[in-house]
Amino acid sequence: MSPAPTFETIPETVAAIRKALPEGLHTPSVGIVCGSGLSGLVESLRDVTLVPYDGLPGFAKSTVPGHRSSLAFGFIGEKQAVPVVAMLGRFHPYEGHSLSTVMYPIRVMAALGIKDIIITNAAGALNPEFSVGSIVVVRDHLALPGLSGFNPLIGPTFSPEVTRFLPVSGAYSPALRRLAFLAAHQLGLPSDDLVEGTYAWVSGPTYESPAEGTFLRRVGADMVGMSTVPEVLAARELGVGVLVLSLATNKVVIPEKYRSIKEEVAAELAGKKIELPVEEVVSHAEVLEIGKIKGDVMRKLVAKIIDLIPESVRDATQP
Ligand SMILES: O=P(O)(O)O[C@H]1O[C@H](CO)[C@@H](O)[C@H]1O
Ligand SMILES: Nc1nc2[nH]cnc2c(=O)[nH]1
């Protein structure tokens, strides 16, 4: 496990990053996190400077296919040139990274000056009304590791300024969620492409068993993934406005009825012909493939949302 970076490391990391950047990019106002297979979001940026994680104090290396290991700085937007920083590759606890390492890039982006962050991820759809390829504007989360004793904020508080007891009831900015739907409308996306839902954070790296999928659906989750929530908490702790967009890359298997091998054997012994069900199995390759197919829509949506964020909002701490 990589050593846990702390508040004390931040000035060193910020200085190393700024040294690599032209002055106009020293203070980005919006952060972006690119989910699995979604690093193509960087193609919306102009005048890009890449800063590799390698060599940045406190940063680890992303080991997951579909995640690169660089920060990309540049400008985005048609109406205005908004300075942004995008994480091309995130860290997940299942890679063996500590939760402090997972949250560290968000804390660095906040120290660089971001006011809002758009966090994207690839996730499994639990809500039967969602399609593969649906983009979900996250309105709430279920932090399963958090509820069972692994809350990312356990431990010494990150800095003297942050609160010990972070409220998360309003973590997902209604103002930014509103902009997501306005942006989709302006881009002419079909209304079913963008939906709203609750994201369940699980540790992974296994995908869900059918019983786990059934459980998560029953307790109110629409999507499930292995990332995002620690990043949301790190951002909210520092007053950064949060928008999360989850791309449904697959449907989680939730059986209406379990296949009965007992009945199948009985039917076979009775000489009856039976139709065997097709087994559905999710894979990371499929997750990356949907990211590739929907990458362009995600990219346009993120760029349009950033274009719509009024300067007054970008410059004020989100409620
Ligand atoms: O959440 P992101 O990083 O987009 O990736 C998702 O896709 C991977 C599994 O296919 C897991 O890492 C899961 O969390
Ligand atoms: N936990 C989890 N993470 C995912 N990331 C992409 N798809 C899935 C999924 O089905 N389950």
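Note that ligands are numbered from 1 as they come in the structure, with each ligand's atoms numbered from 1 the same way. Note that these values count all heavy atoms, side chains included, but never hydrogens, waters or copies made by symmetry. Residue numbers run from 1 in the order of the sequence given.
Counting the atoms of ligand 2 from 1 in the order shown, those under 4.0 Å from a heavy atom of Ala122 are 5 (N), 6 (C). Distances below 4.0 Å separate heavy atoms of Asn250 from the following atoms of ligand 2: 6 (C), 7 (N), 8 (C), 9 (C), 10 (O). Every atom of ligand 2 with a heavy atom of Val287 under 4.0 Å away is listed here by number and element: 6 (C), 7 (N). Ligand 1 places these atoms under 4.0 Å from at least one heavy atom of Tyr94: 11 (C), 12 (O). Near Thr249, the atoms of ligand 2 lying under 4.0 angstrom from a non-hydrogen atom of the residue are 6 (C), 7 (N). Applying the 4.0 Å criterion to heavy atoms of Val252 picks out, from ligand 2, the atoms 10 (O). Applying the 4.0 Å criterion to heavy atoms of Met226 picks out, from ligand 2, the atoms 1 (N), 2 (C), 3 (N). The distance from ligand 2 to the heavy atoms of Gly124 drops below 4.0 Å at these ligand atoms: 4 (C), 6 (C), 7 (N), 8 (C), 9 (C), 10 (O). Numbered from 1 in the order shown, with element, the atoms of ligand 1 that lie under 4.0 Å from a heavy atom of Ser227 read 1 (O), 2 (P), 3 (O), 14 (O). Counting the atoms of ligand 1 from 1 in the order shown, those under 4.0 Å from a heavy atom of Tyr207 are 9 (C), 10 (O).
Residues Lys294 and Gly133 share a closest heavy-atom pair of CE-O, 3.0 Å.
Remark: ligand 1 and His284 share an N or O pair separated by less than 3.5 Å (distance only, no angle test). The distance criterion of under 3.5 Å between nitrogen or oxygen atoms is not met by Gly225 with respect to ligand 1.
Nearest to atom 4 (C) of ligand 2 among the protein's heavy atoms is Val224 O, 3.7 Å.
The existence of a salt bridge linking Glu263 and Lys257 is confirmed by a sub-4.0 Å separation between a basic side-chain nitrogen and an acidic carboxylate oxygen. Contact check on Glu237 versus Arg107 returns a salt bridge, with a Lys/Arg side-chain nitrogen under 4.0 Å from an Asp/Glu carboxylate oxygen. Under 4.0 Å is where a charged nitrogen must lie from a carboxylate oxygen, and between Asp222 and Arg139 at least one such pair does.
Crowding of Arg178 atom CZ: a count of heavy atoms from other residues, nucleotides or ligands under 6.0 Å not exceeding 12. Enclosure of atom CD in Glu286 by more than 12 non-hydrogen atoms of other residues, nucleotides or ligands within 6.0 angstrom is indicated.
Between the choices Ser36, Gly35, Gly37, Ala122, the shortest heavy-atom distance to atom 8 (C) of ligand 1 belongs to Ser36. The option from Lys251, Met223, Glu212, Glu208 that lies nearest to atom 1 (N) of ligand 2, judged by heavy atoms, is Glu208.
Heavy atoms of Val282 come nearer than 4.0 angstrom to ligand 2 in no pair at all. Under a 4.0 Å heavy-atom criterion, Ala123 is in contact with ligand 2.
With hydrogens and angles left out, the side-chain atoms of Tyr104 and Thr13 include a donor and acceptor closer than 3.5 Å. Side chains of His26 and Glu23: no donor on one and acceptor on the other come within 3.5 Å.
With hydrogens and angles disregarded, a donor-acceptor distance shorter than 3.5 Å links the side chain of Arg236 to the backbone of Val240.
Taking the six-membered ring for Trp and the full ring otherwise, the centers of Tyr53 and Phe91 sit less than 6.0 Å from each other.
Counting heavy atoms closer than 4.0 Å to ligand 2, residue Val202 contributes side-chain atoms (C-beta onward) but none from N, CA, C or O. Contacts with ligand 2 closer than 4.0 Å are made by no heavy atom of Asn121, backbone or side chain. By the criterion of a heavy-atom distance under 4.0 Å, both the backbone and the side chain of Asn121 are placed next to ligand 1.
One distance of note links OG of Ser159 with CD1 of Ile10; it measures 9.0 Å at 0.5 Å rounding.
Counting heavy atoms from C-beta on, the side chains of Phe73 and Val84 never come closer than 4.5 Å.
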